[in-house]
Amino acid sequence: MDQETTRMLYEMRLSSMVEAVNAQNTSENCQGMNFDERFKLIVANAYAARQTNKLERLIKQADFSTVAPSIGNIDYLPDRHLDRHLITELATGTYIKQHHNLIIMGASGNGKTWLATALGIEACRQFHKVKYIRLPELLDDLLIAKHEANGDFQKLLERYRKVDLLIVDEWLLTDVSLEQSQFLLELVECRLQSASTIYCSQFDPKGWHNKFNNAQIADAILDRIVHDSYRIVIEGERSMRERYGIGGRHD
């Protein structure tokens with residue numbers, strides 16, 4: 001390609017096409033191809049590069065605490081009582097398209113975050129927008145935005161509404177105040193029947209009610225979360241930290 005054509009491709013952010021053409025010019029396998037064959041190969045390479053870049057961007061924007069987990073590396077040890085069929089079904093992402101939630105329960109260290117992250121990364125691979133956050137950090141973000149005078153609270157809710165899969169870790173690990181309960185109700189309401197959420201909790205939903213400061217708000221939040229949620233309970237005679245060591249792949 002001449003310099004001007006190259007410049008225009010770079011300006012249109014089609015650098016992958018430039019790279020594909022340069023690769024063809026140095027490949028003996030491409031010398032006997034006609035224009036249509038070479039052009040199809042250029043487009044295919046450029047498309048693959050763009051998809052790879054998009055995936056990397058989605059994973060980075062998700063703010064996972066680790067990117068090591070994967071569906072293929074889940075340990076279905078007998079004492080964990082994991083439902084392989086359910087996890088395989090969830091990995092397809094159908095629950096996200098149907099706007100259903102997932103509740104992952106288990107004791108500390110049993111791999112709730114690891115499993116949720118594996119499902120989150122799989123969702124990124126299907127080009128869903130994913131966000132991972134711990135509940136204390138989420139509440140801090142909402143509190144700061146609520147007390148800003150420029151309408152940041154509604155803008156923040158709108159950003160969360162657009163997330164296809166929200167992963168909330170450490171869900172209701174401690175009691176929440178009345179103000180925090182109101183924040184969570186607004187967040188759950190704005191995502192209702194339009195997006196999916198994974199809740200990682202040490203407690204069964206039956207115990208969530210007592211974590212809220214207001215019984216009516218608790219009823220409203222649980223009604224919007226629980227009725228259309230899948231549930232996974234991770235058991236285990238030993239925590240994953242004990243099995244693999246601190247910092248291991250199943251923390």
Side-chain angles (χ1 to χ4, degrees), residues 55 58-59 61-65 69-74 76 80-106 110-135 137-139 142 156-173 176 181 183-209 211-212 217-235:
L55 173 59
L58 286 170
I59 291 177
Q61 292 174 345
D63 290 328
F64 297 118
S65 58
S70 69
I71 296 297
N73 288 333
I74 295 173
Y76 294 93
R80 301 187 82 197
H81 298 110
L82 289 175
D83 187 335
R84 186 190 296 267
H85 175 75
L86 174 58
I87 292 175
T88 301
E89 179 184 345
L90 292 170
T92 66
T94 302
Y95 75 106
I96 300 175
K97 297 176 183 177
Q98 296 175 343
H99 311 312
H100 292 313
N101 299 315
L102 170 62
I103 301 170
I104 302 178
M105 295 167 281
N110 270 15
K112 299 184 298 297
T113 303
W114 199 96
L115 177 56
T117 301
L119 289 169
I121 291 174
E122 194 64 27
C124 289
R125 295 185 185 281
Q126 297 160 17
F127 302 110
H128 291 296
K129 187 176 181 180
V130 181
K131 171 68 176 177
Y132 168 89
I133 192 168
R134 296 168 53 250
L135 181 60
E137 296 170 351
L138 173 60
L139 291 173
L142 293 170
L156 183 60
L157 286 180
E158 180 63 17
R159 287 201 296 272
Y160 277 113
R161 187 188 66 80
K162 293 179 179 179
V163 173
D164 300 317
L165 177 63
L166 177 64
I167 301 173
V168 184
D169 206 355
E170 299 180 14
W171 174 255
L172 298 179
L173 188 60
V176 294
S181 300
F183 292 164
L184 292 178
L185 177 57
E186 292 201 45
L187 176 64
V188 171
E189 175 64 29
C190 81
R191 293 177 53 78
L192 184 64
Q193 297 181 348
S194 65
S196 298
T197 305
I198 296 179
Y199 300 91
C200 299
S201 177
Q202 293 189 29
F203 308 100
D204 186 275
K206 293 179 181 178
W208 292 0
H209 200 280
K211 297 290 184 177
F212 294 98
I217 293 179
D219 288 340
I221 292 175
L222 267 65
D223 179 65
R224 287 161 171 77
I225 293 177
V226 175
H227 78 279
D228 65 346
S229 293
Y230 293 94
R231 299 191 190 191
I232 294 177
V233 179
I234 305 179
E235 301 179 29

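If you're wondering where the values come from, they're calculated on a predicted model, not measured in any experiment. Residue numbers run from 1 in the order of the sequence given.
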### Message
Could you check whether atom CD of Gln193 has more than 12 heavy atoms from other residues, nucleotides or ligands sitting under 6.0 Å from it?
### Response
no

### Task
Please work out whether the ring planes of Tyr132 and Phe64 are parallel, tilted or perpendicular, with thresholds of 30° and 60°.
tilted

### Message
What verdict does the side chain to side chain contact (heavy atoms under 4.5 Å, CB included) test give for Asp83 and Ile232, after you've listed the backbone C-alpha separation in whole Å, the side-chain angles of each residue and the deciding distance to 0.1 Å?
### Response
CA-CA 8 Å; Asp83 187 335; Ile232 294 177; over 6 Å; no

### Approximate separation, where rounding is to 0.5 Å, of Leu90 CG and Ile71 CD1
8.0 Å

### Summary
What one should report as the nearest heavy-atom pair of Ala116 and Cys200 is CB-SG, 3.5 Å

### Query
Does any non-hydrogen side-chain atom of Leu58 lie less than 4.5 Å from one of Val130?
no

### Task
Heavy atoms only: give me the nearest Val176-Ser181 pair and the separation to one decimal.
CG2-OG, 3.4 Å

#### Entry: Min side-chain heavy-atom separation Leu156-Arg159 under 4.5 Å
yes

### Approximate separation, where rounding is to 0.5 Å, of Ile104 CD1 and Ile198 CD1
5.0 Å

### Message
When you compare the side chain of Arg231 with that of Val226, does any pair of heavy atoms fall below 4.5 Å?
### Response
yes

### Query
For the side chain of Arg161 and the backbone of Ala195, is there at least one donor-acceptor N/O pair under 3.5 Å apart?
no

### Message
Measuring only between side-chain heavy atoms, which start at C-beta, is Leu135 closer than 4.5 Å to Leu173?
### Response
no

### Message
I'd like to know if the side chain of Glu89 reaches the main chain of Tyr95, judged simply by a donor and an acceptor atom lying under 3.5 Å from each other, with no hydrogens or angles considered.
### Response
no

### Query
Do Gln98 and Asp228 pass the side chain to side chain contact (heavy atoms under 4.5 Å, CB included) test, and can you show the C-alpha distance, the side-chain angles, and the key distance before you say yes or no?
CA-CA 10 Å; Gln98 296 175 343; Asp228 65 346; over 6 Å; no

### Query
To the nearest 0.5 Å, what is the distance between OG (Ser65) and CD1 (Ile167)?
9.5 Å

### Message
Applying the side-chain contact (heavy atoms from CB on, under 4.5 Å) criterion to Arg191, which one of Asn101, Ile225, Val163, Asp164 satisfies it?
### Response
Val163

### Message
If we ignore hydrogens and angles and just use 3.5 Å, is the side chain of Thr197 paired with the main-chain N or O of Val168 as donor and acceptor?
### Response
no

### Task
Give a yes or no on whether the backbone of Met105 and the side-chain of Ser201 come within a donor-acceptor separation of less than 3.5 Å.
no

### Interatomic spacing from CD in Glu158 to SG in Cys190 - rounded to 0.5 Å
7.5 Å

### Task
Using the six-membered ring wherever Trp is involved, compare the ring planes of Tyr199 and Trp208 and label them parallel, tilted or perpendicular (cut-offs 30° and 60°).
tilted

### Task
Report yes if some heavy atom in the side chain of Ser196 is under 4.5 Å from a heavy atom in the side chain of His128; otherwise report no.
no

### Query
Roughly how far apart are Arg224 CZ and Asp219 CG, rounded to 0.5 Å?
10.5 Å

### Query
Which pair of heavy atoms, one from Leu172 and one from Lys211, lies closest together, and at what distance?
O-CE, 3.4 Å

### Summary
Here the gap from Leu165 atom CG to Leu119 atom CG, rounded to the nearest 0.5 Å, amounts to 8.0 Å

### Task
Show the numbers, then the answer: is there a side chain to side chain contact (heavy atoms under 4.5 Å, CB included) between Phe212 and Leu185?
CA-CA 11 Å; Phe212 294 98; Leu185 177 57; over 6 Å; no

### Query
Which atom pair, heavy atoms only, marks the closest approach of Arg80 to Asn110?
NH2-O, 2.8 Å

